[in-house]
Engineer: 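Questions regarding the structure given below will be posed in turn.
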Amino acid sequence: MANHDRVSERYYGEINSEDSHEATRTRIHWMCRAATGKRILDVGCSQGITSILLAREGFRVTGIDLEEESIRYAQAELAKESRPVRNNVDFRMLDITQWKVRTTFDTVLLGEVLEHFAHPETLLVQIHRLLQEDGTLVVTVPYGYHPFYDHKQTFYAGSLAMTLMPYFEVLKLEVHHKYLCCVARKRRRTQVHMSPTLDQLMEWMALDHVHFAEVEQQHLRVMKQRKKALDSAVEQVKRLRRQESGEG
């Protein structure tokens, strides 16, 4: 079953809720700000919005995705842009893990891609090869459990950082709208058995603590709202029954 991630439509508020629209815009703009250098590889580019936004700022972007429908949509959106923007973007349908190109990039973007891999090292080894020395990796993944059929990983601060650590030095971890956002730098050499320091573990635990508290508080608010609505509905049913029996 294809993913059909309609990220451009969510970005422009054409589908889903206002909250989804705002979360998508926040996440994409965060990724754009984190890009460094001029040559960008947008892996899992979907409908192409991030690639196009960066191209408008003069970046040279290669956007790749496995889904033909997404690439067709991205190319159609790119065709609406001015010639300088069109010249800055190359959309391709291909499998990043099988790509044999010798080109290297200053920044690689992984926007909601890593959670779809049961073996993320397959992807990360390839990205490490495609990045320039000291190149930048920008990653966003759902924070915690998201019940989507194609999500093979659940990420928290520590689990994402430790997944990246053998190949990249984690520079920044943040949470925005229930998405974990990370900036990392390519290591000169991979270190498969690398372990985090105590300070790193404490930092990741502190981030999880803050955001888990927010999630739990939100869940409690929703539960209280639902209980209030249920109690009101029960009272209404009781009144109707009394009226039907002539007691009202």
Side-chain angles (χ1 to χ4, degrees), residues 1-16 20-21 23-82 84-101 103-117 120 122-124 126-132 135-142 148 150-151 176 179-184:
M1 184 182 293
N3 188 6
H4 298 310
D5 181 14
R6 300 166 65 185
V7 65
S8 293
E9 294 167 272
R10 290 203 311 274
Y11 177 87
Y12 286 114
E14 297 171 359
I15 60 171
N16 300 127
S20 176
H21 165 57
T24 300
R25 287 173 59 87
T26 298
R27 195 162 67 252
I28 288 174
H29 292 168
W30 187 92
M31 295 181 73
C32 290
R33 290 194 300 271
T36 62
K38 279 294 180 183
R39 292 170 299 175
I40 312 296
L41 176 62
D42 186 2
V43 178
C45 65
S46 185
Q47 295 178 320
I49 181 60
T50 309
S51 298
I52 291 172
L53 290 176
L54 286 168
R56 290 175 184 171
E57 297 187 31
F59 291 91
R60 300 292 300 238
V61 188
T62 300
I64 65 174
D65 201 284
L66 282 171
E67 295 186 14
E68 184 177 1
E69 180 180 336
S70 293
I71 291 296
R72 281 202 307 266
Y73 189 103
Q75 290 170 338
E77 290 296 292
L78 182 61
K80 302 173 186 176
E81 299 288 327
S82 65
V85 176
R86 296 198 305 270
N87 290 341
N88 280 338
V89 183
D90 179 18
F91 285 123
R92 305 184 186 186
M93 186 181 69
L94 57 84
D95 181 352
I96 179 66
T97 64
Q98 303 299 317
W99 200 21
K100 305 301 183 185
V101 68
T103 304
T104 56
F105 299 88
D106 301 309
T107 296
V108 173
L109 307 178
L110 278 181
E112 288 78 79
V113 173
L114 207 56
E115 67 272 17
H116 298 283
F117 278 75
T122 305
L123 174 63
L124 296 175
Q126 177 73 326
I127 290 174
H128 188 272
R129 183 184 72 81
L130 292 169
L131 267 176
Q132 285 274 34
T136 300
L137 173 64
V138 182
V139 179
T140 63
V141 294
F148 188 69
D150 197 28
H151 286 190
H176 298 284
Y179 281 80
L180 191 56
C181 304
C182 176
V183 178

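Heavy-atom basis, side chains included; hydrogens, waters and symmetry copies ignored.
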Engineer: Under the side chain to side chain donor-acceptor pair (under 3.5 Å) rule, collect the residues that match up with His151, sequence neighbours excluded.
Structural biologist: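 If we apply the side chain to side chain donor-acceptor pair (under 3.5 Å) test to His151, skipping adjacent residues, there are no hits.
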Engineer: Mark yes or no for whether Asp106, through its side chain, and Lys38, through its backbone, hold a donor-acceptor pair below 3.5 Å.
Structural biologist: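 Judged by distance alone, yes, a pair lies under 3.5 Å.
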Engineer: I need the minimum non-hydrogen distance between Leu53 and Cys32, along with the two atoms involved.
Structural biologist: CB-SG, 4.2 Å
Engineer: Where do His21 and Gly13 come nearest, in terms of heavy atoms and distance?
Structural biologist: ND1-N, 3.3 Å
Engineer: To the nearest 0.5 Å, what is the distance between CG on Leu110 and NE2 on His116?
Structural biologist: 11.0 Å
Engineer: Quick one: are Thr62 and Thr103 in side-chain contact, heavy atoms under 4.5 Å?
Structural biologist: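 Thr62 vs Thr103: side chains apart.
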Engineer: Can you confirm whether Tyr12 sits close enough to Ile49 that some side-chain heavy atom of one is under 4.5 Å from a side-chain heavy atom of the other?
Structural biologist: yes
Engineer: Taking all non-hydrogen atoms of both residues into account, name the closest pair between Trp30 and Cys182 and its distance.
Structural biologist: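 Distance-wise, the nearest heavy atoms are CH2-N, 3.4 Å.
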Engineer: What distance separates Asp65 CG from Asp95 CG, expressed to the nearest 0.5 Å?
Structural biologist: 10.5 Å
Engineer: Out of the candidates Asp42, Thr107, Ile52, Thr50, only one should pair with Val61 under the side chain to side chain contact (heavy atoms under 4.5 Å, CB included) rule; please name it.
Structural biologist: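 Of the listed residues Asp42, Thr107, Ile52, Thr50, the side chain to side chain contact (heavy atoms under 4.5 Å, CB included) partner of Val61 is Asp42.
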Engineer: Looking at side-chain heavy atoms only, is the closest gap between Trp99 and Leu41 below 4.5 Å?
Structural biologist: yes
Engineer: Taking all heavy atoms of Phe91 and all of Gln75, pick out the closest pair and write down the distance.
Structural biologist: O-NE2, 3.6 Å
Engineer: Which heavy atom in Thr26 sits nearest to a heavy atom in His176, and how many Å separate them?
Structural biologist: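 It is CG2-CB, 4.2 Å.
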Engineer: Glu9: which residues meet the side chain to side chain contact (heavy atoms under 4.5 Å, CB included) condition with it, sequence neighbours left out?
Structural biologist: Arg6, Glu14, Ile15, Gln47, Tyr73
Engineer: Test of understanding: with side chain to side chain contact (heavy atoms under 4.5 Å, CB included), list the residues that count as partners of Glu68, not counting sequence neighbours.
Structural biologist: Arg72, Met93
Engineer: What are the two closest heavy atoms between Ser51 and Val89, and how far apart are they?
Structural biologist: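 Of all heavy-atom pairs spanning Ser51 and Val89, the closest is O-CG2, 4.0 Å.
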Engineer: For Asn16, check side chain to side chain contact (heavy atoms under 4.5 Å, CB included) against everything at least two apart and list the hits.
Structural biologist: Arg10, Ser20
Engineer: As a test of understanding, state which of Asn88, Ile28, Leu109 forms a side chain to side chain contact (heavy atoms under 4.5 Å, CB included) with Leu54.
Structural biologist: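 Going through Asn88, Ile28, Leu109 one by one, the side chain to side chain contact (heavy atoms under 4.5 Å, CB included) with Leu54 is satisfied by Leu109 alone.
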Engineer: Could you tell me which residues satisfy side chain to side chain donor-acceptor pair (under 3.5 Å) with Arg60, sequence neighbours excluded, listed by chain and number?
Structural biologist: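 Side chain to side chain donor-acceptor pair (under 3.5 Å) list for Arg60, sorted by chain: empty.
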Engineer: Please list, chain by chain and in numerical order, all residues satisfying side chain to side chain donor-acceptor pair (under 3.5 Å) with Arg129, sequence neighbours excluded.
Structural biologist: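 For Arg129, the residues satisfying side chain to side chain donor-acceptor pair (under 3.5 Å) (neighbours in sequence not counted) are Gln126.
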Engineer: Can you tell me how far apart CD1 (Ile64) and CZ (Arg92) are? Round to the nearest 0.5 Å.
Structural biologist: 9.0 Å
Engineer: Are any non-hydrogen side-chain atoms of Tyr11 and Arg27 less than 4.5 angstrom apart?
Structural biologist: no
Engineer: So do the side chains of Ile71 and Cys45 get within less than 4.5 Å of each other, counting heavy atoms only?
Structural biologist: yes
Engineer: What distance do Phe105 atom CZ and Thr36 atom OG1 have between them, rounded to the nearest 0.5 Å?
Structural biologist: 13.5 Å
